[in-house]
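Comments concern the structure below.
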Amino acid sequence: MESAYAIVKYLHIAIGAAALIGFWTAGLARKGGTLHRRAGQVFLLAMTGIVITAVPMALYTLHRGHPNTAAFLGYLTVITATGTWASWRAIVDKRDVYRYTGAVFTALAVLSIASGAAMLALGTSIRAPLLIGFSVVGLYTGSDMLRKRRRREQLAARPRWWLVEHYTAMIGNGIAVHIAFLGIGLPRLLPMVDGAALHYLAWFGPLVTAIGAKLWADRRWGRAATAKPASDKTAPRPAPARAKTEPA
């Protein structure tokens with residue numbers, strides 16, 4: 001089992017490196033261009049690989065007798081899978097908000113809330129600020145997704161709703177990649193820089209940076225997504241009028 005875990009771990013690291021390169025290539029490339037699209041596809045494929053390899057790693061951690069760490073890894077897998085799915089489906093379903101906010105969207109929202117609540121409870125019980133702080137991500141993400149599900153007519157009324165959904169989820173994915181590198185990979189590569197300050201900076205620094213990136217992106221692209229009548233494909237269709245018959 002040790003050798004199998006080592007293979008999965010190093011595969012996970014290699015895929016993570018590819019994701020980091022893909023993220024910055026897509027982020028710095030001209031938006032909508034060929035390089036942006038191809039790099040984004042590589043990034044999302046790598047994120048899918050990260051999610052897949054993270055599952056056996058979490059299970060192995062549980063097997064080794066570290067349930068709290070395994071639970072946190074499982075939680076990170078859930079919110080990463082949610083962001084990866086949303087990034088992809090926002091583009092695929094950009095002409096059909098009902099399909100985008102369908103069963104998978106709802107299931108991921110509920111799972112995010114449940115796992116976030118579990119992390120909040122666990123963090124409170126063992127007095128772990130890291131778990132308590134990061135529980136907010138799942139709780140907020142899931143609640144916001146359910147809100148969009150209930151008000152999808154309003155979401156559809158925004159002309160570029162899919163673009164906002166896409167870059168918001170991609171920013172979230174970027175948090176995951178950079179936390180993994182700064183919080184897990186870097187201390188192992190450079191043990192001399194490890195410490196409590198770096199630990200919290202590595203976990204919460206990307207989160208704070210992502211909030212700033214989200215605000216900047218909203219100012220640049222999100223403001224154009226103001227409400228307007230929904231398209232025929234996303235707006236509810238009125239019932240056909242009944243023909244009136246004249247009395248004989």
Side-chain angles (χ1 to χ4, degrees), residues 1-2 4-17 19-20 23 46-87 107-145 169 171-189 191 193-211:
M1 183 174 287
E2 292 284 347
Y5 174 76
I7 293 173
V8 173
K9 181 180 71 173
Y10 288 116
L11 179 61
H12 185 85
I13 293 172
I15 296 174
L20 193 62
F23 176 83
M47 292 302 296
T48 302
I50 287 174
V51 170
I52 292 173
T53 54
V55 173
M57 292 176 67
L59 293 175
Y60 182 77
T61 303
L62 179 62
H63 172 74
R64 291 286 301 272
H66 304 289
N68 295 338
T69 303
F72 188 51
L73 290 175
Y75 168 66
L76 294 177
T77 303
V78 168
I79 59 177
T80 302
T82 300
T84 301
W85 184 90
S87 302
L108 289 172
V110 172
L111 191 58
S112 295
I113 293 174
S115 58
M119 282 302 100
L120 179 59
L122 178 61
T124 302
S125 65
I126 64 175
R127 298 181 180 180
L130 179 62
L131 272 61
I132 296 173
F134 262 82
S135 69
V136 177
V137 177
L139 292 170
Y140 174 78
T141 299
S143 300
D144 189 52
M145 291 172 71
I171 290 172
N173 294 333
I175 295 175
V177 172
H178 286 82
I179 284 176
F181 174 72
L182 296 173
I184 301 173
L186 186 61
R188 294 184 180 182
L189 290 174
V193 301
D194 196 9
L198 177 64
H199 176 72
Y200 285 104
L201 179 63
W203 285 93
F204 291 104
L207 185 60
V208 173
T209 303
I211 293 173

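Atom set for the values below is all heavy atoms of this structure, side chains included, hydrogens, waters and symmetry mates excluded.
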Spacing of [atom1] belonging to [X] relative to [atom2] belonging to [Y], to within rounding of 0.5 Å:
X: Met119; Y: Thr124; atom1: CE; atom2: OG1; value: 11.0 Å
X: Ile113; Y: Leu120; atom1: CD1; atom2: CG; value: 13.0 Å
X: Thr209; Y: Ile171; atom1: OG1; atom2: CD1; value: 11.0 Å
X: Ile52; Y: Ile15; atom1: CD1; atom2: CD1; value: 8.0 Å
X: Leu73; Y: Thr61; atom1: CG; atom2: OG1; value: 5.0 Å
X: Ile7; Y: His12; atom1: CD1; atom2: NE2; value: 15.5 Å

Are any non-hydrogen side-chain atoms of [X] and [Y] less than 4.5 angstrom apart?
X: Met145; Y: Thr141; result: yes
X: Phe23; Y: His178; result: yes
X: Phe72; Y: Leu131; result: yes
X: Val177; Y: Met47; result: yes

Give the minimum heavy-atom separation between [X] and [Y], together with the two atoms involved.
X: Gly116; Y: Ser135; value: O-CB, 3.2 Å
X: Ala117; Y: Leu139; value: N-CD2, 3.6 Å
X: Ala86; Y: Ala169; value: CB-CB, 3.9 Å
X: Ser112; Y: Thr82; value: OG-OG1, 3.4 Å
X: Val8; Y: Pro56; value: CG1-CG, 4.0 Å
X: Tyr75; Y: Ser115; value: CD1-OG, 3.4 Å

Legend entry - Ser143 side chain vs Tyr140 backbone, donor-acceptor pair below 3.5 Å: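 Answer holds: no.
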Inset, instruction - Tell me yes or no: between the side chains of Asn173 and Thr80, is some donor less than 3.5 Å from an acceptor? - result: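 There is no such pair (donor and acceptor under 3.5 Å, judged by atom type) between the side chains of Asn173 and Thr80.
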